[in-house]
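The next block holds one structure in the form of structure tokens; read it before the comments.
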Amino acid sequence: MEKQLSFEEAMEQLEVIVQRLEEGDVPLEEALTIYKKGMGLSKLCHDKLKMVEEQLTSVITENGEEEFSIKEEE
């Protein structure tokens, strides 16, 4: 069973994948495999950020302060 990656570990792996794909000398089948892994890592990072945003919102609103939100870029 694979351990859950931290946000930082996932970002590091994602950076390596992006560098490899940008080099352009990866065989097609391998490129597809690492692209899929990269998409999974991207989703993991997005989900972790969303969870932290929800936790911050909860903490801020519990303290009676204004609602906190992060607008997603279009």
Side-chain angles (χ1 to χ4, degrees):
M1 185 168 153
E2 192 174 312
K3 78 170 188 110
Q4 183 71 16
L5 293 175
S6 71
F7 177 81
E8 292 78 9
E9 291 169 329
M11 284 298 294
E12 286 175 13
Q13 288 186 21
L14 196 50
E15 288 175 13
V16 169
I17 287 171
V18 169
Q19 288 174 352
R20 289 216 45 220
L21 291 173
E22 285 180 343
E23 288 172 1
D25 60 352
V26 180
L28 182 60
E29 293 297 321
E30 185 180 352
L32 182 58
T33 300
I34 61 177
Y35 177 81
K36 286 180 182 178
K37 181 177 181 181
M39 291 303 294
L41 291 167
S42 176
K43 182 181 180 333
L44 175 74
C45 290
H46 175 78
D47 291 346
K48 286 184 179 284
L49 287 173
K50 193 73 172 163
M51 183 180 65
V52 169
E53 178 186 3
E54 290 169 1
Q55 289 174 351
L56 283 172
T57 299
S58 175
V59 168
I60 290 172
T61 55
E62 284 175 8
N63 290 329
E65 296 181 21
E66 290 185 27
E67 176 111 4
F68 173 81
S69 68
I70 297 175
K71 293 186 178 182
E72 292 187 27
E73 292 184 27
E74 295 180 23

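- Pairing each heavy atom of Ala10 with each of Leu44, the nearest pair is CB-CD2, 3.7 Å.
- Shown here are the salt bridge (charged side-chain N to carboxylate O under 4.0 Å, His left out) partners of Glu9, two or more places apart in sequence or in another chain: Lys3.
- Rounding to the nearest 0.5 angstrom, the gap separating the NZ atom in Lys48 from the CD atom in Glu8 is 9.0 Å.
- Leu32 is not connected to Leu14 by any chain of hydrophobic side-chain contacts under 4.5 Å among Ile, Leu, Val, Met, Phe, Trp and Tyr, and they are in different clusters.
- Sequence neighbours left out, the pairs with a member in residues 29-46 that pass salt bridge (Lys or Arg N to Asp or Glu O under 4.0 Å) are Arg20-Glu30, Lys43-Asp47.
- Separation of atoms CZ (Phe7) and CE (Met51) is listed at 11.0 Å; rounding is to 0.5 Å.
- Here CD of Glu54 is found 11.5 Å from CG of Leu49. Values are rounded to the nearest 0.5 Å.
- Annotation: the span from Ser6 atom OG to Met11 atom CE amounts to 11.0 Å, rounded to 0.5 Å.
- Considering only residues two or more places apart in sequence or on other chains, Leu21 meets the side chain to side chain contact (heavy atoms under 4.5 Å, CB included) condition with Ile17, Ala31, Ile34, Tyr35.
- Between the side chain of Ser42 and the main chain of Gly38, no donor-acceptor pair closer than 3.5 Å is present.
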